[in-house]
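Quick notes on the structure that follows.
In listed order, ligands and their atoms are each counted from 1. Residue numbers count from 1 along this sequence.
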Amino acid sequence: MNVLVTGGAGFIGSHACVSLLEAGHNIVIADNFCNSSPEVLEHIKTITGRTFSHYNCDLLDYEELAEIFEKHEIDAVIHFAGLKSVPESTRIPLTYYHNNLTGTLHLLQIMEKKKVNRLVFSSSATVYGTSNQVPYEESMPTSATNPYGWTKVMIEQMLNDYTVANSDAAITCLRYFNPIGAHKSGLIGDNPNGIPNNLMPYVCQTAVGKLPFIRVFGTDFNTKDGTGVRDYLHVLDLAEGHVKALEHLEKKKGFTVYNLGTGQGTSVLELLDTFERVNNIPLKRELHDRRPGDIAESYANVDRAVKEIGWETRYSLEDMCRDSWNFIRTNTDKQAN
Ligand code: NAD
Ligand code: UD1
């Protein structure tokens, strides 16, 4: 298939591009590099030994995006491009709504015009809000607590409405849980600008000595050890889930949602202990109050993805900790040289 990958230079998109190329698909990347670097494109080529077209394209520019569909025969789209920081979204909500909603709207309008029917969209476990009980199932009601989360809820609704009106459309929303890890080569991974919000990037920055200690947000949750429980999954497994979901769209029209997680809950302390053990690095930690808005537990029921698209995770928490660290260690060394 010829697959347009929006946001293909980003953390998850770059790994999905590697999986797509390795599965024999052709890709075209559209990214404006607002949260990534063009260097990533070279790394994808190095890893796969394949070449592909790519565009410095902002999805907010309708004409620029439409031009790509004129130049290439696109069979399907995987849509990663979006802004993703929860705290930032509360500070600049209109930027988030504009970027994530308008970008998706442009994409859908062009796909409708060009009769490109297949789309895989990056949704998030954040759409389960705060009222559902774990493990989360796809049929549960959705809601959000911040503008970022609302963009995901709204886009899912937009895509659902679109498939109702377009009987040829085949759209899958993948609700990711907590992706961590990196490609084994150490060439691509998660390297957020500034001080990270998410746990694993924060842990890596502490391990490499850029931050003094890890703040454990909340020790009084009703969980196995009082700290927050999440469903961490390896980005390589997540990338593979996109290939499976995309290939399944050849057989299935309409709107579908799949959880992509391991189905296992891991606490903050378990993750820190595992990281210390597999990488042999002590991590200083301080116990703090809960982070506002955090829930106690989030993990997936993944039965639907296993049954319908034949997706199963292969990597352990140990692999995730080892590969996250390998990426940061390798890339921090490069910066120092
Ligand atoms: P990322 O920021 O690394 O990648 C997103 C990419 O999209 C970046 O390369 C960025 O430059 C690009 N982009 C953003 N706005 C654009 C625009 N208007 N036009 C063109 N390119 C644009 O993020 P990621 O972690 O790889 O996440 C990918 C998707 O998955 C996002 O939609 C995100 O909301 C979703 N998601 C991520 C997580 C996570 O933990 N990383 C969890 C759930 C869902
Ligand atoms: C966050 C986002 C969520 C998004 C998800 C994946 C918030 C409120 N939620 O969720 O919308 O879908 O990332 O991108 O930001 N923790 C610490 N110390 C830290 C950082 C985190 O103890 O420095 C704890 C948190 O309290 C939580 C766990 O680690 O229990 C995981 O946190 P994080 O990586 O931010 O992911 P989520 O909370 O799941």
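- When hydrogens are left out, the protein atom nearest atom 16 (N) of ligand 2 is Phe217 CD1, 3.7 Å; that is the closest non-hydrogen contact.
- Scanning all protein heavy atoms for the shortest distance to atom 24 (C) of ligand 2 gives Val268 CG2, 3.7 Å.
- Using a 4.0 Å heavy-atom cutoff, Lys152 is listed among the residues neighbouring ligand 1.
- When side chains are defined from C-beta on, Leu59 does not count as touching Asn32, because their heavy atoms never get closer than 4.5 Å.
- The shortest N/O to N/O separation between Ala81 and ligand 1 does not fall below 3.5 Å.
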- Message: Pair Leu4, His72 - check side chain to side chain contact (heavy atoms under 4.5 Å, CB included), show working.
- Response: CA-CA 9 Å; Leu4 173 66; His72 299 271; over 6 Å; no
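- Classified by interplanar angle (parallel below 30°, tilted 30° to 60°, perpendicular above 60°), the ring pair Phe80/His242 is tilted.
- Between Pro87 and ligand 2, not a single N/O pair is under 3.5 Å apart.
- Hydrophobic clustering (ILVMFWY, side-chain heavy atoms < 4.5 Å, transitive): Phe33 and Leu60 are in distinct clusters.
- Across Asp294, Val86, Asn198, Thr126, heavy-atom proximity to atom 1 (C) of ligand 2 is greatest for Asn198.
- The Ser123 neighbourhood of ligand 1 comprises atoms 43 (C), 44 (C), with distances under 4.0 Å to a heavy atom of that residue.
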- Chi angles and distances behind the side chain to side chain contact (heavy atoms under 4.5 Å, CB included) call for Leu83, Cys34: CA-CA 9 Å; Leu83 298 175; Cys34 68; 4.0 Å; yes
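- For Asn146, no nitrogen or oxygen atom sits less than 3.5 Å from a nitrogen or oxygen atom of ligand 2, counting backbone and side chain alike.
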- Message: Glu270 vs Asp273, test: side chain to side chain contact (heavy atoms under 4.5 Å, CB included). Steps then yes/no.
- Response: CA-CA 5 Å; Glu270 285 174 334; Asp273 292 346; 5.8 Å; no
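- When only interatomic distances are considered, the shortest N/O to N/O separation between Asp58 and ligand 1 falls below 3.5 Å.
- For ligand 1, one of its N or O atoms has an N or O atom of Phe80 under 3.5 Å away.
- Under a hydrophobic clustering in which Ile, Leu, Val, Met, Phe, Trp and Tyr are joined whenever their side-chain heavy atoms come within less than 4.5 Å, directly or via other members, Leu236 and Val40 fall into different clusters.
- Closest protein heavy atom to atom 39 (C) of ligand 1: Pro179 CG, 3.7 Å.
- A tilted orientation is assigned to the rings of Tyr315 and His234, their planes being inclined by 30° to 60°.
- Below 4.0 Å from some heavy atom of Ser122 lie the following atoms of ligand 1, by number and element: 29 (C), 30 (O), 32 (O), 35 (C).
- Side-chain N/O atoms of Gln157 and Asp161 include a donor and acceptor closer than 3.5 Å.
- When Cys34, Ser37, Gly149 are checked for heavy-atom proximity to atom 14 (C) of ligand 1, Cys34 turns out nearest.
- Side-chain contact check for Ile78 versus Leu20: some heavy-atom pair is nearer than 4.5 Å.
- Heavy-atom contacts of Ser124 reach the following atoms of ligand 2: 12 (O) (cutoff under 4.0 Å).
- For the atom pair CD of Glu156 and SG of Cys173, the computed distance is 4.5 Å after rounding to the nearest 0.5 Å.
- For the atom pair Ser324 OG and Asp190 CG, the distance stands at 8.0 Å (nearest 0.5 Å).
- Within the 4.0 Å heavy-atom criterion, both parts of Phe11, backbone and side chain, lie near ligand 1.
- Not a single heavy atom of Gly103 sits closer than 4.0 Å to an atom of ligand 1.
- Of all the atoms in ligand 2, the ones that sit under 4.0 Å from a non-hydrogen atom of Arg215 are 17 (C), 18 (N), 19 (C), 22 (O), 23 (O).
- Residue contact check: Asn197 has heavy atoms under 4.0 Å from atoms 20 (C), 35 (O) of ligand 2.
- Protein heavy atom closest to atom 39 (O) of ligand 2, with residue, atom name and distance, is Arg230 NE, 2.7 Å.
- Applying the 4.0 Å criterion to heavy atoms of Val216 picks out, from ligand 2, the atoms 22 (O).
- The contact set between ligand 1 and Gly7, taken as ligand atoms under 4.0 Å from a residue heavy atom, comprises 6 (C), 7 (O).
- Looking at ligand 1, you'll find an N or O of Ile12 within less than 3.5 Å of one of its N or O atoms.
- Tracing side-chain contacts under 4.5 Å through hydrophobic residues (I, L, V, M, F, W, Y), one reaches Ile281 starting from Ile180; they form part of the same cluster.
- Atom 31 (C) of ligand 2 has as its closest protein heavy atom Tyr232 OH, 3.4 Å.
- Geometrically, ligand 1 and Asn32 share a nitrogen or oxygen pair separated by less than 3.5 Å.
- Atoms of ligand 2 found under 4.0 Å from any heavy atom of Asn178 (numbered from 1 in listed order, with element): 36 (O), 37 (P), 39 (O).
- Look at Ser14 and you'll find every heavy atom at least 4.0 Å from all atoms of ligand 1.
- At the top of the distance list for atom 34 (O) of ligand 2, counting protein heavy atoms only, stands Leu199 N, 2.8 Å.
- Which parts of ligand 1 touch Gly10 is read off a 4.0 Å heavy-atom cut-off, strictly below it: atoms 3 (O), 4 (O), 9 (O), 26 (O).
- Using a 4.0 Å cut-off between heavy atoms, Ala125 makes no contact with ligand 1 at all.
- For Ile214, the closest heavy-atom approach to ligand 2 does not fall below 4.0 Å.
- For atom 19 (N) of ligand 1, the closest non-hydrogen atom of the protein is Leu59 N, 3.0 Å.
- Atom 32 (O) of ligand 2 has its closest protein heavy atom at Arg291 NH2, 3.4 Å.
- Contact atoms of ligand 1 toward Phe33: 11 (O) (distance under 4.0 Å to a heavy atom of the residue).
- Those atoms of ligand 1 with a heavy atom of Cys57 less than 4.0 angstrom away are 19 (N), 20 (C).
- Among protein heavy atoms, the minimum distance from atom 2 (O) of ligand 1 is reached at Asn35 ND2, 2.7 Å.
- When each of Thr104, Leu101, Thr142 is checked for a side-chain contact (heavy atoms from CB on, under 4.5 Å) with Met154, only Leu101 meets the rule.
- Side chains of Tyr148 and Glu88: no donor on one and acceptor on the other come within 3.5 Å.
- Side-chain N/O atoms of Glu308 and Tyr258 include a donor and acceptor closer than 3.5 Å.
- Between Trp150 and Tyr97 the shortest heavy-atom distance is CB-OH, 3.4 Å.
- Ring orientation note: the planes of His15 and His183 are tilted relative to one another, at an angle of 30° to 60°.
- Ring pair Phe121/His79 is tilted by interplanar angle, where 30° to 60° counts as tilted.
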